[in-house]
Amino acid sequence: IPFLRSTSPIGSLLCQPLIVEDKVVGVVNLSHPHPRAFTAEDERLMAVIADQVAVTLNSIQIFDEMQQLNEALRAEVDRATGELRRANSELKTEIAERQRTEEALRESEERFRVILENAHDGINISERVLVSRPDGRVYTTKRRLVFCNDRFVEISGRSREELMASDNLNQFVVSHLSPEERAANVQRMGQDLPYRGVSSWKRPDGKENYHECVGVPLRIKGKLYTIG
């Protein structure tokens with residue numbers, strides 16, 4: 001509260017501090033040209049007025065702080081709303097892309113199924129377990145059937161259940177490669193390289209059958225598979 005200059009002499013001066021939360025935030029001054037002009041009642045009235053002024057000043061300060069807080073909250077809400085809208089837009093884009101991918105995958109699976117069902121050749125996917133000599137050289141593999149088409153089952157002369165239950169499909173097959181050629185194929189398999197060979201099934205009905213096989217190694221989660 002600014003001090004107002006006066007041309008009249010000051011005989012009496014009554015001062016009352018403005019206190020808000022135990023802190024002095026200002027002073028109310030009342031002057032009179034005559035000495036001892038203020039009474040105890042004036043002091044009491046001055047104290048009441050000072051309290052009201054302090055409450056008013058505090059309310060104004062709180063209002064200003066609330067206004068600033070509201071503005072900050074509004075800005076934060078606007079920012080969060082903008083981020084949420086962007087996230088929703090990105091989510092919609094991701095969902096649409098996923099739907100397109102799933103549709104493309106279904107179409108690809110359907111084409112693959114048609115090819116498998118109508119293929120003249122036997123097609124299979126087998127898990128391979130490489131068996132090594134003490135010197136570390138791979139010399140043979142165990143073969144467990146994971147998937148095959150109907151033509152593969154037909155050529156084998158056995159039931160699908162029997163083929164799938166076997167822990168080593170090689171027990172049903174006779175290779176017509178030389179030992180050197182078989183070893184070379186096993187080495188290529190261990191190096192994830194394509195291989196080929198000639199073999200025949202040990203059919204329960206005794207029918208002779210020879211077939212050329214071509215395989216491609218594939219590693220999935222640390223396991224070796226071949227597609228052939």
Side-chain angles (χ1 to χ4, degrees), residues 87 90-228:
E90 293 174 358
L91 180 59
K92 290 179 180 178
T93 301
E94 181 180 347
I95 292 175
E97 181 63 27
R98 183 177 301 174
Q99 290 174 341
R100 287 192 294 269
T101 301
E102 290 176 350
E103 181 63 26
L105 180 59
R106 283 192 293 268
E107 292 178 358
S108 177
E109 289 176 345
E110 179 62 20
R111 288 194 295 268
F112 183 62
R113 184 186 63 80
V114 171
I115 291 173
L116 287 178
E117 290 179 352
N118 295 277
H120 180 70
D121 297 326
I123 300 174
N124 78 98
I125 300 175
S126 298
E127 181 183 358
R128 299 279 187 161
V129 178
L130 302 181
V131 181
S132 304
R133 293 191 180 96
D135 61 6
R137 288 179 58 84
V138 177
Y139 72 95
T140 188
T141 67
K142 290 180 114 178
R143 178 185 177 193
R144 184 181 65 83
L145 186 63
V146 176
F147 168 84
C148 67
N149 65 351
D150 291 342
R151 180 58 175 162
F152 185 86
V153 175
E154 179 184 352
I155 294 173
S156 74
R158 299 176 183 273
S159 68
R160 182 182 296 272
E161 291 74 19
E162 184 179 7
L163 296 175
M164 297 297 296
S166 174
D167 62 350
N168 188 7
L169 206 62
N170 290 336
Q171 64 180 317
F172 301 138
V173 178
V174 176
S175 175
H176 297 287
L177 298 178
S178 67
E180 293 76 18
E181 290 173 327
R182 290 199 300 271
N185 270 349
V186 173
Q187 293 300 321
R188 290 181 64 82
M189 193 183 305
Q191 297 170 3
D192 298 341
L193 297 175
Y195 61 92
R196 62 192 309 137
V198 178
S199 59
S200 61
W201 285 97
K202 299 177 183 177
R203 294 174 58 101
D205 57 14
K207 289 183 179 179
E208 292 187 0
N209 62 93
Y210 293 86
H211 57 271
E212 181 180 7
C213 57
V214 178
V216 178
L218 178 66
R219 293 187 185 271
I220 302 176
K221 294 183 178 180
K223 293 185 176 181
L224 177 63
Y225 298 85
T226 55
I227 302 176

To the nearest 0.5 Å, how far apart are [atom1] in [X] and [atom2] in [Y]?
X    : Y    : atom1 : atom2 : value
R128 : N168 : CZ    : CG    : 9.0 Å
N149 : H120 : CG    : NE2   : 11.5 Å
T226 : Y195 : OG1   : OH    : 3.5 Å
N185 : R182 : CG    : CZ    : 10.0 Å

Indicate the atoms forming the closest heavy-atom contact of S166 with Q171, along with that distance.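 Residues S166 and Q171, closest heavy atoms: OG-NE2, 2.7 Å.
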Minimum heavy-atom separation for R219 to G190, with atom names?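 Here R219 and G190 meet closest at NH2-O, 3.3 Å.
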Could you go step by step and tell me if D192 and L224 meet the side-chain contact (heavy atoms from CB on, under 4.5 Å) rule? CA-CA 9 Å; D192 298 341; L224 177 63; 3.9 Å; yes
Do [X] and [Y] come close enough that some side-chain heavy atom pair is under 4.5 Å?
X    : Y    : result
E97  : T101 : yes
E110 : V114 : yes
S199 : H211 : yes
R151 : I123 : no
R188 : R196 : no
V146 : K223 : no
Q187 : L193 : no
P204 : R158 : yes

In sequence, state the C-alpha distance, the side-chain angles, and the governing distance for L145 and M164, and then conclude on side-chain contact (heavy atoms from CB on, under 4.5 Å). CA-CA 6 Å; L145 186 63; M164 297 297 296; 3.6 Å; yes
Backbone of [Y] reached by a side-chain donor or acceptor of [X] within 3.5 Å:
X    : Y    : result
N170 : S175 : no
N124 : F147 : no
N209 : W201 : yes
R144 : V129 : no
S156 : V153 : yes

For E94, is there an ion pair with R98 - N to carboxylate O distance below 4.0 angstrom?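 Between E94 and R98 there is a salt bridge, with a charged N closer than 4.0 Å to a carboxylate O.
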Fit a plane to each ring of H176 and Y210, take the angle between them on a 0 to 90° scale, and name the class: parallel (under 30°), tilted (30 to 60°) or perpendicular (over 60°).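 Tilted, since the angle between the ring planes falls between 30° and 60°.
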Give the intermediate values and the outcome of salt bridge (Lys or Arg N to Asp or Glu O under 4.0 Å) for residues R100 and E103. CA-CA 5 Å; R100 287 192 294 269; E103 181 63 26; over 6 Å; no
